[in-house]
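Just below is one structure, and these are the notes that go with it.
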Amino acid sequence: METTAAVLTVAASPGCTPRLLGEAGHRREDFAAYRALGGYHPLASAKDLLDEVETSGLLGRGGAGFPLAIKLRSVRDNGRVAGGCVVVANGEEGEPASIKDRWLLRNRPHLVLDGLRLAAAIVAAERAYVYVSDPDSARSVETALSELDSSSLRIGIDLWTVEPGYVAGEETAAVRAINGGPAKPTDKPPRPFELGVGDRPTLVSNVETLANLPFLQRHGSAAFRSQGTTLSPGTFLATITGAGRAAGLYELPHGLPFTELLALHGISSEQVRGALLGGYFAGLLNRTVLDTTLDHETMRRFGSGLGCGAVSVITDDCPVAVAASVLAYFDRENAGQCGSCFNGTAAMAAVAGALRDSVATTKDLDRLRRWSVVLRGRGACATLDAATNVAASLLNQFPDEVARHLAGACVDCLSRTGGAFRADRPYEAEAVRHP
Ligand SMILES: Cc1cc2nc3c(=O)[nH]c(=O)nc-3n(C[C@H](O)[C@H](O)[C@H](O)COP(=O)(O)O)c2cc1C
Ligand code: SF4
């Protein structure tokens, strides 16, 4: 597969004291540098830290925004009954247009490992894994593990690598892979917190989620909540792509106006036609995206989602071409296990492709609308939800563009100025920190 290599701008928003990007600039932070910042601080009480996680309101950064404290308590309690449990740092980053997890693993591997050992201590895990597909991340973690002394880490951590794939980062796919199977989702229940790696209750947490734990340990939940909103506390890493610019990775407080992220990345609001949100998961928003703020509650109110924090800005591209490209991606990248998913994504991709090429009929569109409702919630994982989000949001958010395509008169696509958007993975970028 072709790789898009470009320079990545890395920065925190003005007034945001970075907790995740750290001070390391574009150089990888080694053990000594991380220790000098207070890393691997001895944990006095796992119970107190769990209480801090709970009052911090820390939400998972892997896409669903689920409260970490609830997962920690479930795994700890289930582990007591089962006689042990496991923790997994999910760094697979299957979501296209996102580069935050790879950036953390490549540049701040000790921050992630520190978070992982704290999570392991809270749930009293017997084993921990870092689950990745990116070779640079794997090398960085391997080096970090070799730098550690036994006083820093009281648990064995294994690195687990898989082939990259959209579904490979889904939590049951991660568990299945570590158990020796293919990196493809399994039916739920059981969920990993009930039965996971080695048939033990397993915490699968995104690497950015875990990277927040060392801050919480050292500074507490009130300091954690000093940035962000009440319902989406703390800072997060946003990957911004599109608008013909190289990508950006920004640490932002939740609740920052979308327009401020655009300004930070040098994109004029005038240019913006809409955006694809939450990686490819949450679908499209039209120019109303300019009225949003970057937090879970606001994005939900607008009928979209923040997901893993990846934002693709649509300027010159035609939204119909963008949706067709993303649906074709789901058709290619689904795991081919569930009939509703491989047939459903293929059918939706075919109609969206025909619409882009201005050969779709109103009957085709009726079918697409129906599928975008009835296929929701089907399949072993949420890939069909992502595909139906994209199809439904195209129809709801861009009715004029859809009508123009039905009439065979989309100027952007006919003149080929639009349609350049290419849904693909892996997304690749060389990181450079701007002062
Ligand atoms: C198709 C699919 C792909 C996913 N890929 C990832 C991924 O690459 N990385 C990730 O952290 N979570 C991914 N998730 C979410 C995980 O299933 C899981 O919710 C997450 O790792 C939990 O971490 P968190 O609670 O810290 O967000 C994916 C979910 C779906 C449905
Ligand atoms: S829903 Fe789709 S992507 Fe998910 S497991 Fe089934 S076939 Fe694979």
Side-chain angles (χ1 to χ4, degrees), residues 53 58-72 74-75 87-102 104-105 112 115-116 119 129-134 137 162-177 181-188 191-193 196 202-213 234 236-237 239 278-282 296 305-310 329-346 348 375-389 425-427:
V53 177
L58 172 59
L59 302 176
R61 308 293 201 241
F66 192 79
L68 176 63
I70 295 181
K71 275 167 63 163
L72 287 167
S74 304
V75 173
V87 290
V88 176
N90 188 354
E92 201 282 327
E93 200 162 42
E95 194 59 78
S98 176
I99 199 160
K100 68 186 181 85
D101 296 335
R102 277 169 288 163
L104 280 173
L105 289 165
V112 176
L116 183 59
Y129 294 86
V130 181
Y131 177 74
V132 300
S133 60
D134 166 50
S137 300
V162 287
E163 286 295 309
Y166 179 69
V167 297
E170 196 271 345
E171 58 181 6
T172 60
V175 164
R176 192 175 178 186
K184 293 184 175 188
T186 53
D187 283 330
K188 295 165 262 297
R191 289 195 169 270
F193 73 88
T202 299
L203 177 85
V204 181
S205 278
N206 175 260
V207 297
E208 183 190 343
T209 314
L210 295 172
N212 279 286
L213 289 179
F236 74 105
L237 296 177
T239 313
Y280 290 176
F281 192 87
H296 293 283
L306 191 59
C308 63
Y329 172 86
F330 287 132
D331 179 27
R332 286 196 307 278
E333 285 258 339
N334 75 78
Q337 301 188 123
C338 316
S340 55
C341 181
F342 67 77
N343 292 324
T345 51
M348 288 192 281
L375 292 176
R376 206 165 281 274
R378 308 271 285 272
C381 75
T383 295
L384 260 178
D385 289 349
T388 54
N389 285 341
R425 83 164 258 138
Y427 173 75

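We use all heavy atoms of the structure for the numbers below, so side chains are in, but hydrogens, waters and symmetry mates are not. Just so we're clear, the structure is a prediction, and the values are computed from it rather than from any experiment. Whatever order the structure lists them in is the order used to number ligands and atoms, beginning at 1. FYI, the numbering just counts along the sequence from 1.
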Please report which non-hydrogen protein atom sits nearest to [atom], along with the residue it belongs to and the distance in Å to one decimal place.
atom: atom 25 (O) of ligand 1; result: K71 NZ, 2.8 Å
atom: atom 23 (O) of ligand 1; result: N206 N, 3.1 Å
atom: atom 19 (O) of ligand 1; result: E171 OE1, 4.1 Å
atom: atom 14 (N) of ligand 1; result: G169 O, 3.6 Å
atom: atom 26 (O) of ligand 1; result: T209 OG1, 2.6 Å
atom: atom 21 (O) of ligand 1; result: N90 ND2, 3.0 Å

Check whether any N or O atom of E95, backbone or side chain, sits under 3.5 Å from an N or O atom of ligand 1, and answer yes or no. no
Within the structure, does D101 bring an N/O atom to less than 3.5 angstrom of an N/O atom in ligand 1? no
For [X], which part has a heavy atom under 4.0 Å from ligand 1: side chain, backbone, both, or neither?
X: A382; value: both
X: T383; value: side chain
X: E170; value: both
X: R61; value: backbone

Taking only heavy atoms of [X] into account, list the atoms of ligand 2 that are under 4.0 Å away from them.
X: V167; value: 3 (S)
X: T383; value: 3 (S)
X: G379; value: 1 (S)
X: P185; value: 5 (S)

Can an N, O or S atom be found in C341 less than 2.8 Å away from atom 2 (Fe) of ligand 2? yes
Whether D187 side chain and A380 backbone form a donor-acceptor pair below 3.5 Å: no
Would you compute the distance between atom [atom1] of [X] and atom [atom2] of [Y] and round it to the nearest 0.5 angstrom?
X: T345; Y: L375; atom1: OG1; atom2: CG; value: 9.0 Å
X: D101; Y: E93; atom1: CG; atom2: CD; value: 4.0 Å
X: N90; Y: T209; atom1: CG; atom2: OG1; value: 9.0 Å
X: N343; Y: D331; atom1: CG; atom2: CG; value: 10.0 Å
X: S133; Y: E92; atom1: OG; atom2: CD; value: 3.5 Å

Is any NZ, NE, NH1 or NH2 atom of the basic residue among K188 and E171 found under 4.0 Å from an Asp or Glu carboxylate oxygen of the other? no
Under a heavy-atom criterion of less than 4.0 Å, does E208 contact ligand 1? no
List every atom of ligand 1 that sits less than 4.0 Å from any heavy atom of Y166, numbering the atoms from 1 in the order shown and giving each element. 1 (C), 3 (C)
Strictly under 6.0 Å, is that where the ring centroids of Y166 and Y329 end up? yes
Does atom CZ of R191 have more than 12 heavy-atom neighbours, drawn from other residues, nucleotides or ligands, at distances under 6.0 Å? no
Please confirm whether K184 comes under 4.0 Å of ligand 2, counting heavy atoms of the residue only. no
Where the closest heavy atom to atom 1 (S) of ligand 2 is concerned, which of A387, G339, A380 has it? A380
Looking at G94, C308, G62, the heavy atom closest to atom 8 (O) of ligand 1 belongs to G94
Residue among T383, T388, L384 satisfying side-chain contact (heavy atoms from CB on, under 4.5 Å) with F330: T383
